[in-house]
Amino acid sequence: MKINKRNLSMLLLASALGAHAQKSIKAPEGGKPISSELIGIFFEDISSSADGGLYAELLQNGSFEFNLSERDGWGAGTAWRVIRPGHSLGLIQNLQQDPIHPNNPNYMRLQVERTKEFYDYKGWKGFGLENHGFDGITVKKGARYDFSVFARNIDRTAKQTRVTLVAPGKEEKILADTILTIDSNQWKQFGCTLEPNADCPNAMLRFLILTNGTVDVDQLSLMPQDTYKGHGLRRDLAEALEALHPKFLRFPGGCVVHGGGDGFWNTYRWKTTLGPKEQRKQMKNTWGYHQSMGLGYYEYFQLCEDMKMEPVPILPCGVSCQGANGGWGMWPQQAQEVVPMNEMDEWVQDALDLIEWANGDVTTKWGKVRADQGHPKPFGLKYLGIGNEEKISPEFAERFKYMYRKVQEAHPEIVIVGTAGPGSHPGNPDYDNGWKLAKEIDLPILDEHYYEKRDYFEKSRQYDSYPRDGKTKVYLGEYASKDKKMSDALAEALYLIHVERNADVVCMTSYAPLFARKNATNWNPNLIYFDNERAYPTCSYYVQQMFGQSSGDYFYGDCVKFEGEKTHLQEQSVVLDSKGRKLYVKLCNDSAEPRQATVNLKRFKSLKKLATKTTLSGQPDQENNFDVQPIAPVKEQVKVQKEMKIEVAPYSFVMYTISL
């Protein structure tokens, strides 16, 4: 059912503040209704977060689409090596005539002249290709990996093809081995399953043609069968996200949304990320590498469904990043590209089509596209972001208002998220102009971004002074203290308690960036670092996790008092989850001395005596890294009372989870 403008504000209130039609328990007096969607995650493909990261594909450049625009020296053959054991003879060519799909133009033609007439080399023969994945292919004994390739015979002769996983070394060890027969003269997908006989952190895949003749190959893939819920995402990284208990996912960026420093030609277009993998349009990532789009809009929405998160897709609105064409080094308004107003309907239609794709039934054009991809049931899109961190220039304001009006006229039930530009603090011109625009059009939610040193998060209480009489809520979409030490995590905990206190104004938050691959990092700090074998959570990760695990719908600010002098290094909150019948008491002490706190929970009835106490603590300069992970929460069962005194240790964040 569509919702008119008159009750749109009621929808937003119910959505952003987590109102429930039926409460499990009645909230005691003195509580303030707050957002139950406060903690979410923001995914941007930065620091190789997708390919070589969350997207579980193990081969690099399997479709031969890498190119010079992405990195000097790159081309269709990047990440591949031609191999000809036993002095086999052959020629390999990169061609584009009659490809699998126009969106995937490059493929390799292997012309094999001699494969076995000369001699075998340590059991090897044939002519073909070798791929080492992303810093090696990590495989586990007994796990199953699905290999596939699109191929066609040019000379109409069936080709015997060997597919092998090999452990490197002076004496190479075959981990898994199989033979495929390529017997089609049209593009056709062939596949097999490989099961390694040993663990190997840096295996390589060999694809060898054993029959003389000519064959075209494209879209080679090696995927583990054991992915998150069977949906093609790397299990351990997805489970690290699940453990955060996020309420929403913002995607696909970030600067990725509007092309970053490259301009409109590199703008992310959601429609080209749908459908079979071999038909998706790959592109340069704004952070200087390649996006296969194996992780596309369907996978993002599917992940939201799997983790019960609200999807928050962000679309460009006809204005480029002000950093385009070297704009960060000149006057940004001169670098910002804009779409002519008479062409803006194309960008509007992209938004309308996305809503139909996500929410339409199977009889609609884009609802059918979703259904054909395997999801007949609508995803239930509620939020849509327009624009990402652009300079709030007059050109931006004109195009944003046009797009906002058109989308709202067609879909008043969709809650639009706008942007306050980079550096979202009072006095910043973009911040001021962003809020002016938001108030002018009664924008439901405005997205603020800022990265600051830890002392800002320790001392600033930005949202305490925000007005309560406006219609626009805040989404703190990108923020982080500028290091990854324990002291940074505690500063963020202090700040999040302040945000929680103001969660009647701030309806959503997400730390950024989310992921970073070891040896391929564009930005520091990040929430989770990883290599091929495991994830490495930072101290800040555990702060996010504790807040994500303690979402609620009412805030009580007068239940806890720190004894002694009040400083900015101590914060406290009590949050009630009335539906889940849980009470969360949070205390943070970022000082070198223990602090006593008195807790009064008399207003809460049926308080269970046994609670879970979670403590995150460490020395200020400690940090988690690839060599050592000294910081992690410690849980214990403790007895609690309606009145009690608690000593909060130095440099610690403590949370009590109490059932009601």
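This structure is a prediction, so every number in the text was calculated from the model and none was measured. As a basis for the values below, the full set of heavy atoms in this structure was taken, side chains included, without hydrogen atoms, waters or symmetry mates.
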Q: Are the side chains of His411 and Leu384 in touch, meaning some heavy atoms are under 4.5 Å apart?
A: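 His411 vs Leu384: side chains apart.
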Q: Take His425 and Tyr431, measure what side-chain contact (heavy atoms from CB on, under 4.5 Å) needs, and give me the verdict at the end.
A: CA-CA 6 Å; His425 298 307; Tyr431 170 91; 5.7 Å; no
Q: State whether the side chain of Arg370 and the backbone N or O of His375 hold a donor-acceptor pair below 3.5 Å, judged by distance alone.
A: yes
Q: side-chain hydrogen bond (donor to acceptor under 3.5 Å, both in side chains), that's the test. Do Asn625 and Tyr529 meet it? Break it down for me.
A: CA-CA 8 Å; Asn625 55 47; Tyr529 293 79; over 6 Å; no
Q: Who are the ring-ring contact (aromatic ring centres under 6.0 Å, His included) partners of Tyr298, not counting sequence neighbours?
A: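 Per chain and number, Tyr298 pairs via ring-ring contact (aromatic ring centres under 6.0 Å, His included) with no residue.
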Q: Scan for salt bridge (charged side-chain N to carboxylate O under 4.0 Å, His left out) pairs involving residues 290-313, sequence neighbours excluded, and state none if there are none.
A: Arg280-Glu299, Glu310-Lys382
Q: Could you go step by step and tell me if Ile416 and Val407 meet the side-chain contact (heavy atoms from CB on, under 4.5 Å) rule?
A: CA-CA 9 Å; Ile416 301 297; Val407 173; 3.9 Å; yes
Q: Would you say the side-chain atoms of Asp447 pair up with the backbone N or O of Gly477, donor to acceptor, closer than 3.5 Å?
A: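 Side chain of Asp447 to backbone of Gly477: a pair is present.
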Q: Do Cys507 and Ile445 come close enough that some side-chain heavy atom pair is under 4.5 Å?
A: yes
Q: Please report the interatomic distance CD(Gln302) to NE2(His231), rounded to the nearest 0.5 Å.
A: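 Here the rounded value is 4.0 Å.
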Q: Say whether, by atom type as modelled, one donor and one acceptor occur between the side chain of Asn67 and the main chain of Gly75 under 3.5 angstrom.
A: no
Q: Do Tyr107 and Leu95 come close enough that some side-chain heavy atom pair is under 4.5 Å?
A: yes
Q: Listed by chain and number, what are the salt bridge (charged side-chain N to carboxylate O under 4.0 Å, His left out) partners of Asp98, not counting sequence neighbours?
A: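 Only Arg152 meet the salt bridge (charged side-chain N to carboxylate O under 4.0 Å, His left out) criterion with Asp98.
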Q: Measuring from atom CZ of Arg517 to atom CG of Leu237, what distance do you get when rounded to the nearest 0.5 angstrom?
A: 9.5 Å
Q: Evaluate Leu241 against Ile528 for side-chain contact (heavy atoms from CB on, under 4.5 Å), listing each step before the verdict.
A: CA-CA 9 Å; Leu241 299 184; Ile528 305 167; 4.0 Å; yes
Q: Rounded to the nearest 0.5 Å, what separation is found between the CG atom of Asp226 and the OH atom of Tyr145?
A: 8.5 Å
Q: Is the backbone of Lys485 close enough, under 3.5 Å, to the side chain of Asp488 for a donor and an acceptor to pair up by distance?
A: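 Judged by distance alone, yes, a pair lies under 3.5 Å.
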Q: Is it true that, when you exclude Lys284 itself, more than 12 heavy atoms of the residues, nucleotides or ligands shown sit nearer than 6.0 Å to its NZ?
A: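 Check passes, neighbour count above 12.
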Q: Any Lys/Arg nitrogen of Lys277 or Glu57 sitting under 4.0 Å from an Asp/Glu carboxylate oxygen of the other?
A: no
Q: Yes or no on salt bridge (Lys or Arg N to Asp or Glu O under 4.0 Å) for Asp236 and Arg534, after CA distance, side-chain angles and deciding distance?
A: CA-CA 7 Å; Asp236 62 329; Arg534 59 169 292 191; over 6 Å; no
Q: Between Ile41 and Phe515, is there a side-chain heavy-atom distance shorter than 4.5 Å?
A: no
Q: Could you tell me whether a side-chain N or O of Thr227 sits under 3.5 Å from a main-chain N or O of Pro224, the two making a donor and an acceptor?
A: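 Checked: no pair found.
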Q: Mark yes when over 12 heavy atoms from residues, nucleotides or ligands other than Asn342 sit less than 6.0 Å from its CG; otherwise mark no.
A: yes
Q: Taking the side chain as C-beta and beyond, is there a heavy-atom pair between Asp45 and Trp287 under 4.5 Å?
A: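 Contact flag for Asp45/Trp287 side chains = no.
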Q: Testing the basics here: between Glu398 and Met341, what is the closest heavy-atom pair and its distance to 0.1 Å?
A: OE2-CG, 3.6 Å
Q: Fit a plane to each ring of Trp80 and Phe64, take the angle between them on a 0 to 90° scale, and name the class: parallel (under 30°), tilted (30 to 60°) or perpendicular (over 60°).
A: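 Ring orientation of Trp80 relative to Phe64: tilted.
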Q: Apply side-chain hydrogen bond (donor to acceptor under 3.5 Å, both in side chains) to Glu65 and Asn106, showing your working.
A: CA-CA 6 Å; Glu65 296 299 322; Asn106 288 292; 3.1 Å; yes
Q: Within the 4.5 Å heavy-atom criterion, are Asn624 and Tyr541 side-chain neighbours or not?
A: no
Q: Less than 6.0 angstrom separating the ring centers of Phe150 and Trp187, yes or no?
A: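 Here the rings of Trp187 and Phe150 have centres that are no less than 6.0 Å from each other.
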Q: How long is the span from the SG atom in Cys317 to the CE atom in Met344, to the nearest 0.5 Å?
A: 6.0 Å
Q: Keeping the roles fixed (side chain from Glu44, backbone from Pro513), state whether a donor-acceptor pair exists under 3.5 Å.
A: no
Q: If you draw a 6.0 Å radius around NZ in Lys368, do more than 12 non-hydrogen atoms from other residues or ligands fall strictly inside?
A: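 Result for NZ/Lys368: open.
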Q: Treating Tyr289 as the side-chain partner and Ser48 as the backbone partner, does any N or O pair qualify as donor plus acceptor under 3.5 Å?
A: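 The answer is yes, because a donor-acceptor pair under 3.5 Å joins these two groups.
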Q: So does Arg399 pair up with Glu395, basic N to acidic O under 4.0 Å?
A: no
Q: Take the angle between the ring planes of Tyr456 and Tyr450 and call it parallel below 30°, perpendicular above 60°, tilted in between.
A: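 The rings of Tyr456 and Tyr450 stand perpendicular, inter-plane angle above 60°.
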Q: Step by step, would you call Tyr536 with Asp627 a side-chain hydrogen bond (donor to acceptor under 3.5 Å, both in side chains)?
A: CA-CA 10 Å; Tyr536 297 86; Asp627 299 315; over 6 Å; no
Q: Parallel, tilted or perpendicular: which fits the ring planes of Tyr495 and Tyr479, with parallel below 30° and perpendicular above 60°?
A: tilted
Q: To the nearest 0.5 Å, how far apart are OG in Ser481 and OH in Tyr511?
A: 7.5 Å
Q: Would you say the side chain of Tyr300 lies within less than 4.5 Å of the side chain of Pro252, judging by non-hydrogen atoms?
A: yes
Q: Are any side-chain N or O atoms of Asn532 and backbone N or O atoms of Gly136, one a donor and one an acceptor, separated by less than 3.5 Å?
A: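 A pair under 3.5 Å: yes.
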Q: Hey, does the side chain of Thr273 reach the backbone of Tyr297 with a donor-acceptor pair shorter than 3.5 angstrom?
A: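 Yes.
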Q: Nearest 0.5 angstrom please: Ser510 OG to Leu476 CG, how far?
A: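 Reported to 0.5 Å precision, the distance equals 7.0 Å.
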Q: Taking C-beta and beyond as the side chain, do Leu54 and Tyr228 meet within less than 4.5 Å on heavy atoms?
A: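 With C-beta onward as the side chain, the pair stays apart.
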Q: Does the Tyr383 side chain pair with the main chain of Phe248, one donor and one acceptor, at a distance under 3.5 Å?
A: no
Q: Under the side-chain hydrogen bond (donor to acceptor under 3.5 Å, both in side chains) criterion, do Ser63 and Glu278 qualify, and how do the steps go?
A: CA-CA 8 Å; Ser63 56; Glu278 70 276 7; over 6 Å; no
Q: Please report the C-alpha distance between Thr286 and Asn266 in whole Å, then the side-chain angles of each, then the deciding distance to 0.1 Å, and finally whether the side-chain contact (heavy atoms from CB on, under 4.5 Å) criterion is met.
A: CA-CA 8 Å; Thr286 193; Asn266 200 41; 4.3 Å; yes
Q: Could you label the plane-to-plane angle of the Trp270 and Trp357 rings as parallel, tilted or perpendicular, counting under 30° as parallel and over 60° as perpendicular?
A: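 Ring orientation of Trp270 relative to Trp357: tilted.
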